[in-house]
Amino acid sequence: MGTDSEGEKIKDPMKIIVPILLDTSIKSYDKIRIILLYIFLKSGITEENLTKLIQHANIQVDSSIIQNVQNLGTTIITGGGSPSKSKQDRKHRTESTYQLSRWTPVIKDIMEDATEEKLCKKQWPFVSDPTPTTSTQTAVSARFGHWHKSKTPTEYRSGPRLIVFVIGGMAMSEMRCAYEVTKATDNKWEVLIGSTHILTPEKFLDSLKKLDNPLEAQS
């Protein structure tokens with residue numbers, strides 16, 4: 001985060017985003033996403049700067065979305081007396097990325113640490129160590145248990161599986177991480193990911209907009 005498509009550090013991000021915020025042809029939700037990216041980059045901004053950005057973008061009606069991100073543990077306003085949270089250390093990555101999708105989700109770091117048995121036991125106390133696989137024959141259903149007979153021995157998966165379930169929705173980029181981590185292990189691990197639902201940028205912002213509503217109003 002904080003670099004352009006060529007990997008060069010952006011010296012003055014405000015100079016880049018203000019013309020976009022002033023452009024009336026750009027949708028409000030896209031402007032909100034840009035403002036949030038700027039806030040994440042800065043680990044929070046002053047309330048005065050946030051007010052100016054909202055005015056430039058003319059998104060007063062939907063401005064609660066930005067404030068509601070605080071409910072997810074992210075610092076939006078700095079200098080409010082509450083200590084800002086330090087950024088999580090991320091892995092340095094050199095693999096090629098798409099020009100419009102250069103962000104690597106945090107969940108990929110977690111998946112990789114899990115397959116390499118490097119997860120912090122304090123943060124993940126309930127993740128069990130992988131058990132050694134055996135070649136013992138399991139019980140087979142007489143009625144439905146012979147569907148696999150057409151498979152060759154190389155098609156059977158005998159390695160460990162990592163099952164990740166995200167409560168509250170997952171993005172498609174996070175789904176892609178499961179495939180990428182599986183491939184990176186030469187298929188020694190199979191990473192499966194699931195969630196309560198699949199998020200799109202619009203659905204995520206819609207959810208944030210209702211986050212401070214009473215439960216009766218949300219239903």
Side-chain angles (χ1 to χ4, degrees), residues 1-10 13 33-34 36-43 69 72-74 85-138 147-205 207-208:
M1 182 177 284
T3 60
D4 60 19
S5 59
E6 303 297 327
E8 298 293 330
K9 187 174 180 61
I10 299 175
R33 292 168 64 192
I34 291 172
L36 286 173
L37 285 174
Y38 176 72
I39 293 172
F40 297 159
L41 175 64
K42 294 293 184 180
S43 298
V69 177
L72 302 180
T74 300
K85 295 184 178 180
S86 58
K87 290 185 178 179
Q88 181 179 348
D89 292 335
R90 297 299 310 277
K91 294 183 177 182
H92 177 68
R93 299 187 179 277
T94 57
E95 63 261 28
S96 59
T97 57
Y98 299 103
Q99 184 172 350
L100 298 179
S101 181
R102 301 189 302 276
W103 171 254
T104 300
V106 175
I107 201 168
K108 186 172 184 178
D109 293 354
I110 298 171
M111 290 174 177
E112 290 175 340
D113 286 345
T115 58
E116 296 168 7
E117 300 182 38
K118 294 180 180 178
L119 279 181
C120 175
K121 295 297 182 182
K122 290 184 179 180
Q123 289 184 319
W124 308 93
F126 301 109
V127 176
S128 59
D129 295 327
T131 56
T133 57
T134 62
S135 58
T136 55
Q137 180 100 19
T138 56
W147 57 270
H148 61 282
K149 281 193 171 182
S150 59
K151 286 189 175 183
T152 62
T154 56
E155 291 180 290
Y156 288 102
R157 178 174 293 279
S158 58
R161 286 188 176 96
L162 174 65
I163 301 175
V164 181
F165 189 85
V166 184
I167 298 175
M170 64 178 174
M172 294 183 182
S173 58
E174 293 173 322
M175 296 165 60
R176 185 177 69 240
C177 289
Y179 166 77
E180 291 173 344
V181 174
T182 298
K183 186 178 179 181
T185 64
D186 293 327
N187 290 322
K188 294 177 182 176
W189 278 80
E190 181 181 21
V191 182
L192 307 175
I193 188 169
S195 181
T196 48
H197 55 284
I198 296 175
L199 289 172
T200 63
E202 185 172 347
K203 287 181 180 178
F204 179 61
L205 294 181
S207 299
L208 285 174

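Hydrogens, waters and symmetry mates play no part in the numbers below; they use all other heavy atoms, side chains included. All figures in this text were calculated on a predicted structure; none of them were measured in a lab.
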Practice task
Working to the nearest 0.5 Å, report the span between CH2 of W189 and CD of E112.
Solution key: 13.0 Å
Handout entry: Rounded distance (nearest 0.5 Å) linking atom CZ of R176 with atom NZ of K108
Key = 8.0 Å
Handout entry: Working for side-chain contact (heavy atoms from CB on, under 4.5 Å), residues T74 and F40
Key = CA-CA 8 Å; T74 300; F40 297 159; 3.4 Å; yes
Handout entry: Candidate pair F165 and L192, rule side-chain contact (heavy atoms from CB on, under 4.5 Å), full reasoning
Key = CA-CA 8 Å; F165 189 85; L192 307 175; over 6 Å; no
Exercise for the section: Let me know which of I193, T115, T182 forms a side-chain contact (heavy atoms from CB on, under 4.5 Å) with L162. Expected result: T115
Problem - Spacing of L199 atom CG and M170 atom CE [to the nearest 0.5 Å] - result: 9.0 Å
Problem - Closest contact, heavy atoms only, T196 versus G168 - result: OG1-N, 3.1 Å
Handout entry: Test applied, side-chain contact (heavy atoms from CB on, under 4.5 Å); reference residue, V69; option that passes from L205, L208, I39
Key = L208
Practice task
Report the distance from atom SG of C177 to atom CE of M172, rounding to the nearest 0.5 Å.
Solution key: 14.0 Å
Handout entry: Candidate pair M175 and I198, rule side-chain contact (heavy atoms from CB on, under 4.5 Å), full reasoning
Key = CA-CA 9 Å; M175 296 165 60; I198 296 175; 4.1 Å; yes
Problem - Atom of P125, atom of K122 and distance for their closest heavy-atom approach - result: CD-O, 3.6 Å
Problem - Gap separating the CD1 atom of I110 from the CH2 atom of W124, nearest 0.5 angstrom - result: 4.0 Å
Completion exercise
On a heavy-atom basis, the closest approach of E174 and M111 is O-CE, 4.2 Å
